[in-house]
Amino acid sequence: MNPAGTHYQNESITFATMHGKELLARQSFADVLGASVIAPPELDTDVFGTFTGEVPRAAGPRGTALAKARRGMELGNTRLGLASEGTFSTGFGTIVENTEVLVFVDDILQLELVEGSIELSPLPAARPIAHLDDALNFATAVGFPEQWIILQTTHNGTTTSYKNIGDPDSLRMIGEKVFTNEYESVIISPDYRAHHCPSRAASIRALCERMARRLATECPSCSTPGFGHVDVEYGVPCENCGIATNMIAADIHECGKCAYHQRVMRSVKRASPQWCNDCNP
Ligand SMILES: [Zn+2]
Ligand SMILES: [Zn+2]
């Protein structure tokens, strides 16, 4: 795509981050839009909630990301902003899901756009450990030292997090320290902060690419940038009994400014009975 002539060419966009996320957006925003992405000076994103739970997140991922983006825009002194929020949750068994939300705010056009993804994380969930060897094994399994880790101890109801464990010496030093003191529990987990978590950085980078392409797409009705995919519609009819199944039938594309939207039907017209609540309950 040629960035010449896109709406955001030569614009500066603040990515509200203190974890290097601006580096994940820079390439696609330059290539697709001709825009530059900066990080604000001295932003403390921890006030919006932390992964390790010392500060709870009040507004939900989308609301938190929007609040962060606006704070970043104030500090960076731009009217365009980006922010992302991620959550890692364990569902069934040991599977960890990584949900990422990326928001873009344009204060001039009054636009708020959201892109999101849900992926299976290659990282294991946090777990209690009993020996230094457990910590070393966990670290090896997650791809340390590129992937950093966090140790959390609990003593008399007080939880302490040891972050910034990103090299073998700190791991051994902090590991020895937590196992020589008397804690009720020691929990190890991957560090999910983007600059210390290569798999999460890749998810955010992919969302940045999608957002950049979306910002290069104008609404066919009002020409506002940011026209794109916002939702899906389920209900392809079952080929056996004809009732609406859980298979996706259409994609919804929408403008962030006017009411114009498109419903794009997918090519599948009949669903296998495996998707049908009646035939395969
Ligand atoms: Zn059926
Ligand atoms: Zn429009």
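Worth knowing before you read on, the calculation uses all heavy atoms, side chains too, and leaves out hydrogens, waters and symmetry mates. One-based numbering, in listed order, for ligands and for the atoms of each. The residues of the chain are indexed from 1 along the displayed sequence.
Here the angle centred on the Zn ion (ligand 1), running from SG of Cys238 over to SG of Cys276, is 110°, rounded to 10°. Angle SG(Cys241) to the Zn ion (ligand 1) to SG(Cys279): 110° [nearest 10 degrees]. Taking the Zn ion (ligand 2) as the corner point, the angle from Cys222 atom SG to Cys255 atom SG is about 110° (rounded to 10 degrees).
Taking the six-membered ring where tryptophan is involved, the planes of Tyr260 and Phe227 are tilted, since the angle between them lies from 30° to 60°. Using a 30° and 60° split on the angle between ring planes, Tyr192 and Phe88 fall in the parallel class, below 30°.
Not one N or O on the side chain of Asp107 forms a donor-acceptor pair closer than 3.5 Å with the backbone of Arg79.
Note on Glu115 versus Arg213: no salt bridge recorded, every NZ/NE/NH1/NH2 to OD/OE distance being 4.0 Å or above.
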